[in-house]
Every structure is written in structure tokens, then in C-alpha cells.
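Just so it is clear, the values below take in all heavy atoms, side chains as well, and ignore hydrogens, waters and symmetry mates. The shown structure was predicted, so the numbers you read here are calculated from the model rather than taken from an experiment.
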Amino acid sequence: MIKLHNTLSGKLEEFKPIKAGEARMYHCGPTVYDYAHIGNLRSYVFADLLRRTFEFSGYEVTQVVNITDIGHLTSDADTGDDKMVKGLKRENLPLTLEGLKELADKYEKAFKDDLVALNIERPQHFPRATAYLTQEIALIKTLEEKGYAYKLADGLYFDTGRLKSYGRLGGLTPMSESQARVGGAEKKSPRDFVLWKLSADNHLGFHSPWGTGFPGWHIECSAMSRALLHQPFDVHTGGVDHIPVHHNNEIAQSEAAYDTPLANFWLHNEFVTVAAPSTELGVNKMAKSEGNFITLKALQEKGFSPLAYRYFLLMAHYRTPVTFSWEALEAASNAFEKLKRFVGPLSAINEVDEAYKAKFKEKIENDLNTAQALAVLWTLVKDKEVTPENKLATLLDFDKVLGLGLK
Ligand code: AMP
Ligand code: ZN
């Protein structure tokens, strides 16, 4: 029995699939305007771990990781520039659809290379937002027909005030009247968000019933997940930063349009943070905007293997923040090398030790407790009662979930 912490209920719940034996999952993917940093990559190591855990327990898994190639503004709350436009300017690419494609191709490839390096099993679908315009526009039309949308000078907005259930995820508190009045521009509420954004200069955009522009970031995920996984599907994931805005907005649109939940389980991984150099007061989220981001490539250039970083992540539960430092990575890397040195010389293989497997499974099926699962692994390594042949079989079995490439 797999138990998962569902952000929707705030509780640990037994996983019950919609269709027996199947788990259908949507993971919010990267905005491909720059390289992913190792914080972003934690989201996909986590998604992979979830997939492998389901597979270990006999489920057939379908995974979607979207590629956001337009519509994600610098602030998640729909202000600032489009991140892709920012990328085009940075790289001196033309502000055209061709330029957009070139930028997206470059960073989508870099992202997929990172996934391979981290031994992440390939998701079946990587939909691009601009390839699902038909579905995105259809969804917005439905919302408009049902009275959930209103027009402003720069686009069409979702009226969160029309939806009683808005903000369930993470328990958003209702806004006080004074908060509600300091809305952005002319929005009815600061929490209202863009469904279709009109292009500022008509240079870059797509045709729609509301004018040339592009879909809002949230509508993209609502439309692509429904198109590829149907609605409702089983599990939706992302980093904790997506809880208040992006995921509440996805839920609002999808439920308002189709009167059925979007997903049954909402799971969120915590951040990778870095010690704040100047304050001593704690840590900062790793983010492009903080200027403190480290790529997988930078890590490799310092001689670390991507799988050592994977091991580093597995040492913590996905719902605990981890502070990245080179020293901490070094320690993880040493432990990982020790494990490889142990497995390396073993070649004869026998049966899996069922008692250890049961312990491992119990940890991993308890909301993916990889920290405790690794403790079981090390106890096995040191156990003199288990033969090397059984150890090898059992470790390789564990590795189906851990994905450390021990084979
Ligand atoms: P983005 O490309 O900004 O949409 O982010 C891709 C994924 O990375 C999302 O699931 C974010 O929630 C997640 N994310 C962003 N920053 C971090 C961080 N420092 N640690 C862990 N996950 C993060
Ligand atoms: Zn999303």
C-alpha cells in the first residue's frame, strides 16, 4: 500500500488509482528560456522516484512533463515580462515565432540531457504549450461561456471571485478588504489571473478570438494535462512554490470549466536552498532571479557525477528543504562512491532477501522516505548474515527505485 502526503487534504493518504493498476501523472515542467538549475532538477528526480515507486509496486505509469515555451511571466502572479521574451533578448534572437522555437529547442534539449544524466526514466510525453493552442483556446472559450472570464486592456482574466472553492490547495486565507483593493491594475481581485495575454506590440503571438497574444501559463497546464491524461487524473506534482498560485489557478480553471476535479493527489517537493552569504540568518531558495543558481554542468565541471547529486537528494525526504553546499555534496559523493566500491566486485547473484525487501518497501511506500530507505540499504551492506550473492540481488532490486545506476 502506497501512502502519499496530499497537499489537497494536508494529510498522508492511501493511494487509490482511478483505474486499477494504473497511475497517471502530470509534472509541471520547465520554462525553456535558460538552463535548469539543480533546484529545478530536484522536482524531476522526485517525479522519477514517484514513478519508480509505483512501478516497483506493480503499477503501469504514464507521465507528462510539459515544456513551457510561452506565457510564463517573470512573476508567477502575472506581472513582468514573458520569460521566453527575456530569453530571446538575452540571446539576441529575433522576437519572432522562429526565434522562440530556436530558444525552446536549445533549452529543451539541455533539460532532457540533464534528465538522462540523472538517470531519470523518460516520461512518455513532453508536450509544448504552443502545440496545444487549440485545446487552450477551447478551454478559455468554455470559461468565457460559463461567465468566469472578463476582459481588460491587456487580456482576458479569470474571475476568482466567481468560484467559491478558490484557493483550497495549501489553504489560502481569504483576503481582507484592504488586501483585495490593492489589486493589480484593474483586476477585480489581485488573485485573478490571465487566461489570454495580448501581445504588447503584436510582434510575438498567436491568433485567438481575443486578439493576437498567448495563453496564460496556468491554462497551458490545465489544457495539456486534460488532453493527455484525461480529467481527473491521479497525481499532479511540482515544487512548493507552485502551491499558492499556479496550482490553485490550474484547479480553479479546470474545475470551473468541466465540473470535475483536475487531479486526486497533489504532491509538492521542497526547495533546494543555498546558505545566504551576507546574512548568516539562513538560506535562500536557489533561483535564477536570486543569481545563485548552479547547473548540473557546473557540478560536473567540479568533478562530481550527476548521480552523486541524485544520491545527495535521496538522503533527504522530498518534503524537507535541503541546503546545498559543496561540502555536503562531497560527503554524499563519498558515500555513493563507497556504495559503488562495495557493489563493483560482486558478480555472482542469487535471490533477493525478502526480509530486507519488505523493510525497504515499507519505507519507500511511506511517502517515499528515501532517507530511511538508504538506511535500510546500508544495514544490508553491513549485515554479515546475508551472503554477497543475496546482497547483490537485493541491492539491484532496491536500485529499481533509487535509480543510482548500480548495475
Ligand atoms: P520553472 O522552470 O521555474 O517553472 O520551475 C521548474 C520546477 O522547479 C517547478 O516544479 C518549480 O516548483 C521547481 N523549483 C524551482 N526552484 C526550485 C528550488 N530552488 N528547489 C526545488 N525546486 C524548485
Ligand atoms: Zn503547471
Side-chain angles (χ1 to χ4, degrees), residues 3-15 25-31 39-40 42-44 46-47 49-50 66 68 72-79 148 157-176 179-180 182-184 187-195 216-222 225-226 231-257 260-273 282-287 289 316-322 367-368:
K3 285 173 284 169
L4 299 168
H5 178 90
N6 192 349
T7 310
L8 208 51
S9 64
K11 289 194 192 114
L12 200 62
E13 289 178 29
E14 181 187 339
F15 175 72
M25 305 202 281
Y26 186 90
H27 315 290
C28 284
T31 305
N40 299 135
R42 186 181 195 190
S43 297
Y44 308 105
F46 160 58
L49 207 63
L50 201 53
N66 70 289
T68 303
H72 190 177
L73 305 187
T74 20
S75 148
D76 286 356
D78 294 335
T79 54
Y148 286 103
Y157 282 78
F158 185 91
D159 189 351
T160 54
R162 281 270 341 263
L163 200 67
K164 279 219 167 52
S165 61
Y166 182 79
R168 278 200 324 279
L169 200 67
L172 283 194
T173 45
M175 275 192 271
S176 67
Q179 277 175 316
V182 289
K187 286 200 285 185
K188 291 189 196 171
S189 155
R191 284 181 177 158
D192 293 353
F193 54 89
V194 80
L195 295 167
W217 175 41
H218 320 299
I219 206 84
E220 298 173 351
C221 285
S222 282
S225 57
R226 181 179 167 91
Q231 183 180 337
F233 53 92
D234 295 294
V235 183
H236 195 310
T237 75
V240 286
D241 54 333
H242 285 348
I243 299 172
V245 179
H246 183 50
H247 286 171
N248 269 315
N249 292 352
E250 280 187 41
I251 291 173
Q253 303 161 145
S254 295
E255 294 191 357
T260 164
L262 179 58
N264 287 351
F265 280 77
W266 289 80
L267 269 54
H268 295 94
N269 62 280
E270 258 295 348
F271 283 147
V272 174
T273 59
V283 291
N284 287 330
K285 168 191 170 189
M286 183 175 291
S289 54
H317 187 260
Y318 74 90
R319 289 195 294 116
T320 350
V322 292
D367 199 27
L368 313 187

Min side-chain heavy-atom separation [X]-[Y] under 4.5 Å:
X: L267; Y: R319; answer: no
X: K3; Y: D367; answer: no
X: L172; Y: P244; answer: yes
X: T273; Y: M286; answer: no
X: M25; Y: F233; answer: no

Within the side chain of [X], is there an N or O that forms a donor-acceptor pair under 3.5 Å with the backbone of [Y]?
X: N6; Y: N264; value: yes
X: D159; Y: K188; value: no
X: T7; Y: W266; value: yes
X: Q231; Y: S254; value: yes
X: H246; Y: D241; value: no
X: N66; Y: G29; value: yes
X: K187; Y: D192; value: yes

What is the ring orientation for [X] with [Y], classed by angle as parallel under 30°, tilted 30 to 60°, or perpendicular over 60°?
X: H242; Y: W217; value: perpendicular
X: Y148; Y: F158; value: parallel
X: H218; Y: F193; value: perpendicular

Start with the C-alpha distance between E270 and K285, add both sets of side-chain angles, then the distance that settles salt bridge (charged side-chain N to carboxylate O under 4.0 Å, His left out), and finish with yes or no.
CA-CA 10 Å; E270 258 295 348; K285 168 191 170 189; over 6 Å; no
Can you name the closest pair of heavy atoms from [X] and [Y] and give their distance?
X: R42; Y: H317; answer: NH2-O, 3.1 Å
X: L262; Y: S225; answer: CD1-OG, 3.8 Å
X: P30; Y: Y44; answer: N-OH, 3.4 Å
X: A263; Y: H236; answer: CB-CB, 3.9 Å
X: S165; Y: E255; answer: OG-OE1, 4.4 Å

Under a plain distance cut-off of 3.5 Å, with no hydrogens placed, do Q253 and S222 share a side-chain donor-acceptor pair?
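Per modelled atom types, S222 and Q253 side chains form a pair under 3.5 Å.
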Atom pair [atom1] ([X]) and [atom2] ([Y]), whose distance is rounded to the nearest 0.5 Å:
X: H72; Y: C221; atom1: NE2; atom2: SG; result: 9.5 Å
X: S9; Y: L169; atom1: OG; atom2: CG; result: 10.0 Å
X: R191; Y: L163; atom1: CZ; atom2: CG; result: 12.5 Å
X: F46; Y: T237; atom1: CZ; atom2: OG1; result: 5.5 Å

Between D234 and F15, is the side chain to side chain contact (heavy atoms under 4.5 Å, CB included) condition met? List the steps.
CA-CA 9 Å; D234 295 294; F15 175 72; 4.0 Å; yes
Measure from the ring center of H268 to the ring center of H247 and say whether it is less than 6.0 Å.
yes
Given side chain to side chain contact (heavy atoms under 4.5 Å, CB included), test Y166 with N249 step by step and report yes or no.
CA-CA 8 Å; Y166 182 79; N249 292 352; 2.4 Å; yes
Electrostatic pair E250:R226 at N-O distance under 4.0 angstrom:
no
Yes or no on side chain to side chain contact (heavy atoms under 4.5 Å, CB included) for Y318 and L50, after CA distance, side-chain angles and deciding distance?
CA-CA 10 Å; Y318 74 90; L50 201 53; over 6 Å; no
